[in-house]
Amino acid sequence: MEELVIRDADVVDGSGGYSYRADVVVDRGRIVSIVKEAAAAGCLRPKAMRELDAEGLVLAPGFIDMHAHSDLALLRDPDHSAKLAQGVTLEVLGQDGLSYAPVDDRTREEVRRAITGWNGYGDDLDLDWRSVGEYLDRLDHGFDGRGIAVNAAYLVPQGTVRALAVGWEDRPATARELDRMRQLVAEGLEQGAVGLSSGLTYTPGMYADDAELTELCRVVAGYGGYYCPHHRSYGAGALEAYAEMVELTRKAGCPLHLAHATMNFRVNEGRAADLLALLDEALDTGADITLDTYPYTPGCTTLAALLPSWASEGGPERVLARLTDPATAERIRHDLEETGSDGCHGVPVEWETVEISGVSDPALADVVGRTVQEAARSRGEAPWATARRLLVEDRLGTTVLQHVGHEDNVRAIMRHRAHTGGSDGILQGDKPHPRAYGTFPRYLGHYVRESGVLTLEECVAHLTGRPAARLRLPDRGLVREGHRADLVLFDPDTVAPGATFAAPRTLPTGIPYVMVDGRFAVEDGRRTDVLAGRAVRRTPV
């Protein structure tokens with residue numbers, strides 16, 4: 001007899017098609033049968049060792065977070081309710097061109113320092129892997145050999161690759177260095193990565209020109225992967241930056257997935273239609289493009305990310321040295337406040353929009369929750385003086401929210417045919433962005449039930465079937481017989497995020513059951529001790 005039958009569920013299967021009522025049978029981690037309209041038809045209903053009454057609940061595929069920063073959190077925190085409580089059963093890691101594989105001893109320490117604000121320094125973990133394959137093996141092992149909370153796919157991070165082959169200098173790669181980068185990307189894909197990411201406003205990835213990126217994308221295309229860039233501007237040059245990525249991947253013959261595809265800052269208010277027209281033209285001529293967004297207007301990054309690229313050249317220690325030199329610090333201030341640094345997307349920084357969300361040094365915690373301008377006013381100093389002091393004293397570990405988005409742009413982009421959901425959730429800091437804990441229930445509650453921006457069937461497809469197709473996962477993302485039983489049951493009338501900007505770690509409501517590989521990781525609204533997640537490796541071409 002099979003293990004479980006989920007009785008009388010309203011199935012929203014991830015395809016975008018209409019919902020239907022059914023009994024769904026799960027056994028050995030797979031969906032083994034679906035009996036539609038079982039009760040109404042009066043047919044012989046399936047039986048199992050356990051029955052779960054799903055009356056009033058929607059059964060959907062587990063949600064896929066297409067842009068996650070849980071690279072160390074999955075190894076650090078076996079609970080991981082930040083994502084499981086939302087119904088997430090798969091996260092895509094290695095984002096924005098910076099992560100922890102492939103590395104050597106030198107770059108491991110440099111990367112740890114560079115993205116402390118995203119993942120913590122990691123000194124509580126033994127970062128004993130070097131290759132992509134070894135990192136994926138470590139995810140498989142997880143905690144005491146039992147696995148991790150959710151499944152995880154990985155993108156080879158182009159900035160980390162460049163750091164390994166070239167360093168942190170702002171210069172073109174030599175022919176030998178480019179060959180080394182091609183080799184590293186190929187090895188990562190062979191070992192199971194699903195594609196390549198870039199952070200083209202972060203060092204050292206931003207130092208790559210289009211010719212270099214095109215060559216790496218040709219490698220990715222040969223393995224059936226995709227390119228996921230955080231492109232060169234979300235501000236003054238946003239539309240041109242999107243067009244650059246479309247053209248680059250067209251030349252390389254590589255699928256494109258645009259990371260956190262927003263149009264931010266005052267210069268882009270009401271300009272979502274321009275972006276969508278660009279994408280539609282490319283799609284209509286055969287381009288393979290998808291994108292992800294989070295359903296909030298503020299962004300989140302590190303305070304150091306706002307610095308001009310020339311100030312970030314050479315790695316974290318060189319950055320700190322420049323900040324402590326008065327003349328160089330004044331040049332940085334000029335670029336940030338008057339010219340508009342490339343790190344701040346070509347827009348002069350408005351300190352009243354930059355909220356401090358987390359610090360690495362607990363002694364600096366009094367500034368968390370304040371804007372840089374507010375913190376500066378309380379100290380009787382200029383905003384740049386406060387920002388500079390934080391950067392130095394927190395050794396670049398400060399995270400910030402940037403209140404620079406526009407609701408009309410957010411809504412327009414989430415309706416698009418290429419759209420998927422991604423939290424861009426940074427779990428570090430005393431006051432992280434609530435998107436880390438609230439993205440998926442916010443889509444379902446606010447934008448489906450309350451606002452009607454998407455239908456329930458459309459929204460679930462954006463969060464499940466469409467991401468699985470981009471990841472080329474043939475047995476995930478849909479409620480289908482033979483598919484893996486990564487499933488979520490939620491109440492469409494009550495599902496909502498608990499997380500707010502004031503209380504960002506509050507768990508959502510209305511999601512009582514989450515299954516990973518056919519096992520309940522969340523049951524009756526409570527986290528179980530199940531660790532059924534594993535690394536999800538690239539499907540061979």
Can you list the residues that meet the ring-ring contact (aromatic ring centres under 6.0 Å, His included) rule with [X], with sequence neighbours excluded?
X	result
His462	His419
Phe63	Phe440
Tyr100	none

Open item on the list: Parallel, tilted or perpendicular: which one describes the rings of Tyr443 and Tyr447, with boundaries at 30° and 60°?
Closed with: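 Tyr443 vs Tyr447 ring planes: tilted.
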TODO: Please work out whether the ring planes of Tyr234 and His345 are parallel, tilted or perpendicular, with thresholds of 30° and 60°.
DONE: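 Because their plane-to-plane angle is over 60°, the rings of Tyr234 and His345 count as perpendicular.
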So, [X] versus [Y], ring centres under 6.0 angstrom or not?
X	Y	result
Tyr202	Trp118	yes
Tyr242	His231	yes
Phe501	His433	yes

TODO: Answer with yes or no whether the side chains of Trp310 and Asp335 bring together a donor and an acceptor at under 3.5 Å.
DONE: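 The criterion, which ignores hydrogens and geometry beyond distance, is satisfied for Trp310 and Asp335.
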Open item on the list: Hydrogens and angles aside, do Ser423 and Tyr437 bring a side-chain donor and acceptor to less than 3.5 Å of each other?
Closed with: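 The answer is no; no qualifying pair exists.
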- [ ] Run the salt-bridge test on Arg176 and Asp179 with the 4.0 Å N-O cut-off and return the result as yes or no.
- [x]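 Salt bridge between Arg176 and Asp179, a charged N being under 4.0 Å from a carboxylate O: no.
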Open item on the list: Using modelled atom types and a 3.5 Å cut-off, is there a donor and acceptor pairing between side-chain atoms of Thr107 and backbone atoms of Glu110?
Closed with: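 Side chain of Thr107 to backbone of Glu110, a donor-acceptor pair under 3.5 Å: no, none is there.
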